[in-house]
Structure formats: structure tokens, C-alpha cells
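Contents: one structure, followed by commentary.
Here the structure is a predicted model, which means the values were calculated and not measured.
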Amino acid sequence: MDRECSQLLPSVCAVLADSRQLVADDTFLEKFLDWFKTLTETESSLLLLQENPCLTELITCVLKLKDPSSSTLSFILRLTGIFAASESCFQYLQQRELLISLFGEVGPLSTALWEEASVRSGWVQGVHSMVQHQSALHFLCNCGAIDVIFTLQGDPSLFVASAANQLLVHMLTFSLQSFQTKLVSIKDCDWPVCAQKLVVHIEESLKSNSASRINQSLKLLTSVFGCCHDLWTEVLWSQLSQPIVYLLEEEPVHAGHSLVDLFLSMTRSPVFSCPECSLWTSVTCALEHLNPAQVGHLAVGILKLQECPQAVRIQALSVLLQPMDCVLKAASQPLEYPGLLNRSVNDPATVETLLSCRSSCASLLCQTLAHLEELQYLTCLPVDLPHIPLLQSVVTVLQFCIGLATPATCLGTKISRILIGCFRVQRSAFDILGALSHWESHSVFMGSVSDILLAYLKSPDTSPTVLKKSFQATLKWLVSLSEAPSSRDHWEQIEQFLREKEGFRQVLFSSEVPKLTEDLLEDPESYVRASAVTAMGQLSFLTHLISKKPGIENGNDKEKSIVAQLQEILSTDSEGFPRRAVISVFIDWLREGHTDVLKDTEQFVSSVLQAVNTDLDWEVKAGGLELAEVFSAQTLGRLGLAACPYAAVLSSATRSTHLSESLQIFCQVKLFEFLFGALCDCDRPVAQKACSILIALKAELCDESSQKEGTSAGLSTEAHGIAWLEETLRRWSSCPRGDADEAGSQDPNGVLLILRTVDLEQLHRSLNRSSDHIEKSPQSLLQDILATVGTLEENEADCY
């Protein structure tokens, strides 16, 4: 601790010990604790107490107060725990009986302040900080603190209960961290007393009839197996596996969600990765006995594991597919389509009961669809997923929701009544329908996919959010067709499929979907308009993309100028979502080389930047900056100026010519006017992005030779700041068009002057600073505490 802080500390401690003087802001105490945590990590805790006796006096004085504030007492508990983390300091405090007075039965436990959650939380945090050595564990075992922690597991304050649970996890793992022996009984004398107490408590709780105690113990074990992968965890499981299996065999299983979390935590531990491990028997039991609404999370977690018996994986997949199999069988299907399951893992009656009940049907299907969608994005699925039957079942769900499915059973009739118009299920089904688009060999079922997509797109009853999801799914299927390997045979196959099935190409590129999309550009809901913008952008690009493939003609010769439509939205739409969508589409077009953009790239970029420049939405401006960055990189790359190790080295004369040409292009599209304006923007992310782009451009355009030329020409190289730049921009904006002396942003020399003279690097550092960079030293903190004592609210100083 430095001398200035040592001089201020006694006054601060005196303030904190005086109940008549209240610290105006509790955040001061938090920062005070943070400071001491840092100090004790770098300095001797015992030396800090010895050199600053005011700290020990502070603890003693607060203990003597008849009615201390709850915040002050909580602070003292936590501060003492920080110091007691050092064993030498622990002994120092214990000799003065401060630890027993704070954490024993005679301390805050026996006062009215214990009713305050902040005091209980401070007590738990203080104990947690203290448990860094065996002396602290012996102290807690002897003073009865462990029983207090068990009680706090069920505290009405969730923060206290969670902290107590984490404390028990820390105590168990810390007490056993040096226990590395072969399998022995937990009752063996090698197990520390503290660990034995904890395990006995867990076992008794699991065997009790108290649902809260069972859940508390399961949460504790979940955390233990999640954070510790030592050999003793296998011994612990051998002791506790039997009562956990008994919980699974209850009818019904009450702690299902907690059991799922426990098994997932254990299956991720390398200790239990062996296929012969007894854990997998319990996991199999869980897959068979848990409620279908509970077991889905466990099943998808198992399928993500790298190490797992294959039989367990197959069982987990069957559990996930069972609800979809029931839906598939409940509707009339063509005979040639295969089912999802050969046999069921669980009793189908349980799933059918849930699906036939209005309160559980939608929830079960949404959960199942979400889990199955998650599997679609795994890079390597260790089991074969029946994609065609799964796709068929998803389409069937969507048909039930819109009234197009034909029930084949009594269950089907019930499902059709429950799901009709169910937005939740529709949204989840469209999510997985889009995810299924990237799998090959779906053409045999593509007709049904296109039919259901078009049915939702054309239905007046489709809700805005569902319509958005249906657009997203449609686009994913279109993109999957266009991004497949571009051999002639492949594209002939796609065209033949589209013609035979009367699918997307005829409808999308002729009338219906583009017309629907265009109509939705005027929808009253802004997020629907935004989705329509994205859809229109994708459709336009796909039209261009497919028309370039061999043997395929453009089916939409009457397409209007989509660029003009989207630019109008960018300039006139009153909501931010559609404008952000437009700029995102334009960025993609510029990157991918859309036909309408390539016709006149400079004019396109200029008009977009002009519209974005006056937009008040910072995300739209950030999108404009990204477009400017892409354009500048493409321009420099086209002229051979991009930094590439494999590019041919240009001669100095050629490089100079290309630099002048690129600079002229940037000035013509008013790129720098846009970038300089963004640099002065009040939104920090916009200014940061603009500054980064300008630094990169400066490195390319303002090389040493150009700077020497500027100096020899008499141009000023004096460094300027933002104020000077803002004045220059105002002069540019007021400059009459065609004025040769004040050409503004279209004058390359003026642009180079700004790039040379504005200290962009220093500005970038300033923009990246946090808002509290001015004053955040410990000395400032102590001064702020003293300055705010007893002041009124209107005079409270701001803590850094």
C-alpha cells in the first residue's frame, strides 16, 4: 500500500466504524473490497494488518456497535474473509477472537440483523474467501458453521442460496484436492472430516422425503461433478448412485430436471467416459423413466458427447424422435414414406397423453423441434439421423397448424384441434425446416416442402412473426439449391425438379412470392418489412445467380429495379429495422457482385453513403461504414494496392498512378466526406469504426513519398484535432458546387491534408478508453468516501 493511501486509511476506517456517519453510496464499499482483494494478492495480508492497525480496530469497533447498518456488517464479514484467506493472517485474527465473533454462533447469527439477506450473503462470501487452507476448514467444522451453510441452501433469497451451494462445492473439492488414491470407501479414514460430513448430509438429503432437500443436493452434486474431474469423484458416485437410481424409479419422478442436469454434468467428465462405467446404466434408466418433457434436454446432451456408448446414443435419439413419430402416425401419409422409429424406448401412451392435452402438446413439440434443430448444426453427429422422415414429420406439424393435415387416428383429431393457429409451434417448426435445407437427397420430398411454404406465405391468417420465419426458411431452401456443387448435371437436375414439381422456380421467379414479398415491404410491422427486405434481396440475387448457371433461364424478366426500391426504403422508412436490413442487403450484394451493383458500382456506393450519412440510427451508419470498408478494399485490390504477400510488386511510378486513381475514385463517391463525418459522430461505435477505416486508408494512400510532396508543396503538416475537422467539414458542406478553390471532399489534396494532419492514432486510443479512465486510483476512492460522508443526495460525488 502506498504512503498516500496509508495516510487516508485511518480516517476512512473511522468513518466506517461510526454508525452516525453513513457512506452515501454502497458501491464505495464494493470498490473498497476490490482494492483489498488486489492488495492481498500482491502483498502479505498479515503485514497489511500489522502496518495498518486501523483495519483491525475497524472490525473490532463494528462488532461492538449495538445496531450497525446491515451494509456495514456485510462489508466487515467480507473484508475479514479476504484477510483470513491467508493462514498466517487467519491465526492473527483468531488469536484476537474476531473470527469466532463474526462467523460463530455468538456473532451475527444470533442477532436481528441475520434476517437481512445482505448480512447472510456477506457471511457466506466471507466464509468462501476464508476457505483457502485446512485451518479454515477445521474452524468451520468446530464452530457449527457447516450446519448453518446447510440451512442457507434453502434460503428464501436465491442469491444467498446459490452462494451457499457454491460454498459447499468449494469446501468439498478443496478438502479433497490432495485425495488421489484408488477406489476406496468414503467411510475410509483417508477422507477428511469435513468431506465426510458433507457426503453424509448429501446422502441423507437424497433419501429424505423433502423435495427441496433432494433438489439442493442434486444441484450441489451437479456443480461438484462439473468443476472437478479427480478420481475421488468416481468414489463419490459409487456411494450415491443407489439413492439416485431410487429417485428415478419413483412414480412420478419429482426431481426430473435436477437429475437431467446432474447426468449431463457427469457425462461430460472424463472420469466417467469409460463405456463400462456404471453411470451409463443410470443414464439409460433416466432415458426410460423420465417424463418426455424432461428427458429431451438429456437426450440432446448425450448426442453431443464425444465419448459415449453407441447404444445409449441410439436410445437418446429415439427419445427425441418419439413425439415426432407420434405426430407422423397421427396423420394420413403416403405408404412409400418411411416412419421415424422402428421401436419406442418409452411407452408411447405417455407421449400420446401429452400430445392430446392442450396444456402440454405445444410445449412438448416446441421443445422437441428446438432440440432436433440443434442437432442439424452439429459438424459430426455420431448417429444416423433419418432426415427424410424427420422432414416429413416437420411438414406434417406445419400442416396440422394450418389445417391441411388429414387426421388418421383419434390422436390426430385431437392434435389438429390443439395446433390449429398455434404460433409457437409454427415458429419452431419453420426454424428446423430451414435447418434441414442443407441436407442432400431431399428432392424426393421437395414438393411437400414447397407446398407448405407457399401455403403459409399466401395465407392471410399467418401472423407477422410466423410469416418472417416462413420467409427465412424459404430463403434457406433457395440458397441450399443455389450453393450446391455447380456442375451442369446438378443444375439440370435442379431445373428438371423445379419444372416437374411446379416448385419454387416457376412461382418465385414469375409472380407469387416476389409479389407477396413486394407487398410486405409496406407492412405496418417494421420487423416484417425488414424480413421482406432481406427476402427481396435474396430473391434478386438468386435470380441473378441461377440465370448464370448452364441451361437455366431467368424466369423473372419483368423484375422491377429492386435497387431503387430498397434505396427508397433506406431513405424514407421511419423505423430502424427495415433500414438496417437494406444496408445489410447492399453489403452482401457488393461483396458477392450483384448484377445491378456491377453496372455502376461507384454510383451505387455514392448514393448509399449519401442516404446513410443523414441517418440517425447508429446501426445503419455502422452498416454504411462496413459497406465503405468493402468498397475501399475492393478498389485498392483491383488496382493492385491491397496488402497481399503474393501480389506482384508495383514500380514506384505505377503505384503512384494507381494511388492517384484510387484516391480520385474515393473522392468522386464522397467516401471521405462520409468517413470524416462518421469520425465526428456522437456514437462511439460509429466513430471507432470510422477511425479504424481511415487509419487503414492512410497507411495505403499517405506513404512517405506523398507526405514529402505535401511538405514541399507548402501544405501544413501541423497536427489537428476533431474541432478542426468539424470546421473543415462545415466549410465543405457550405462550399458552392463547382468552386475550384474549395472543392471540398472531392479534392484529393484536401483529403490528403486531413489524413496527414489529424492524429488518427491518438484519436483511436481516446475512443477506445473507458469512461472511467480519468480517476480510478485507490487514493481517489478513499478521497471520494471521505468527501461524501454525510452529504445530501444532491451533493453526492460520483464514484469513478
*Within the side chain of Ser470, is there an N or O that forms a donor-acceptor pair under 3.5 Å with the backbone of Leu467?*
yes
*asked:* A side-chain contact here means heavy atoms from C-beta on lying under 4.5 Å apart; do Val608 and Leu590 qualify?
replied: no
*asked:* Distance check, rounded to the nearest 0.5 Å: Leu378 atom CG versus Lys304 atom NZ?
replied: 6.5 Å
*Provide the closest heavy-atom pair for Leu598 versus Gly593 in the form atom of the first, atom of the second, distance.*
CD1-O, 3.4 Å
*Give the minimum heavy-atom separation between Val528 and Pro464, together with the two atoms involved.*
CG2-CB, 3.3 Å
_Straight-line distance of Leu521 CG to Arg529 CZ, nearest 0.5 Å_ = 9.5 Å
*Would you check if Leu679 and Leu760 make a side-chain contact, meaning some heavy-atom pair closer than 4.5 Å?*
yes
*asked:* If you count every heavy atom of other residues, nucleotides or ligands that lies below 6.0 Å from Tyr527 atom OH, does the total exceed 12?
replied: yes
*Shortest non-hydrogen contact from Asp617 to Gly576?*
OD2-CA, 3.7 Å
*asked:* The criterion is side-chain contact (heavy atoms from CB on, under 4.5 Å); which residues satisfy it with Ala622, sequence neighbours excluded?
replied: Trp618
*Begin from the C-alpha positions of Val612 and Leu627 and carry the test side chain to side chain contact (heavy atoms under 4.5 Å, CB included) through to its verdict.*
CA-CA 10 Å; Val612 172; Leu627 182 130; over 6 Å; no
_When you compare the side chain of Leu433 with that of Leu453, does any pair of heavy atoms fall below 4.5 Å?_
yes
*Could you pull out the closest heavy-atom pair between Arg591 and Gln634, with the gap in Å?*
CA-NE2, 3.9 Å
*Got Tyr456 and Thr474 here, is their nearest side-chain heavy-atom distance under 4.5 Å?*
no
_Expected output: side-chain Thr601 to main-chain Val597 donor-acceptor under 3.5 Å_ = yes
*Give, for atom NZ of Lys689 and atom CD of Glu626, the distance between the pair rounded to the nearest 0.5 Å.*
6.0 Å
*Between Phe672 and Phe666, what is the ring plane arrangement, given parallel below 30°, perpendicular above 60°, and tilted in between?*
perpendicular
_Over all atoms of both residues, closest heavy-atom pair of Ile695 and His764_ = CD1-CB, 3.9 Å
*asked:* Can a donor-acceptor pair be found, under 3.5 Å and without considering hydrogens, that links the side chain of Ser607 to the backbone of Phe604?
replied: yes
*If you measure from CD1 on Ile562 to CH2 on Trp589, what distance do you get to the nearest 0.5 Å?*
5.5 Å
*Do Glu525 and Glu575 have side-chain heavy atoms sitting under 4.5 Å apart?*
no
*Would a distance-only check, ignoring hydrogens and angles, find a side-chain to backbone donor-acceptor pair under 3.5 Å from Lys469 to Arg427?*
no
*So how far is it from Leu570 CG to Asp573 CG, rounded to the nearest 0.5 Å?*
9.5 Å
*Reported CH2-to-OG1 distance for the pair Trp35 and Thr38, which is rounded to 0.5 angstrom*: 10.0 Å
*Would you check, one step at a time, whether the test side chain to side chain contact (heavy atoms under 4.5 Å, CB included) holds for Glu30 with Arg78?*
CA-CA 10 Å; Glu30 293 294 330; Arg78 295 168 65 188; 2.7 Å; yes
*Around Glu602, counting heavy atoms of other residues, nucleotides and ligands shown, do more than 12 lie under 6.0 Å from its CD?*
yes
*Do Thr462 and Leu457 have side-chain heavy atoms sitting under 4.5 Å apart?*
no
*Taking all atoms of both residues into account, what is the closest heavy-atom pair of Gly624 and Ile583, and its distance?*
N-CG1, 3.7 Å
*When you check the gap from the basic side-chain N to the acidic O, do Asp683 and Lys621 get nearer than 4.0 Å?*
no
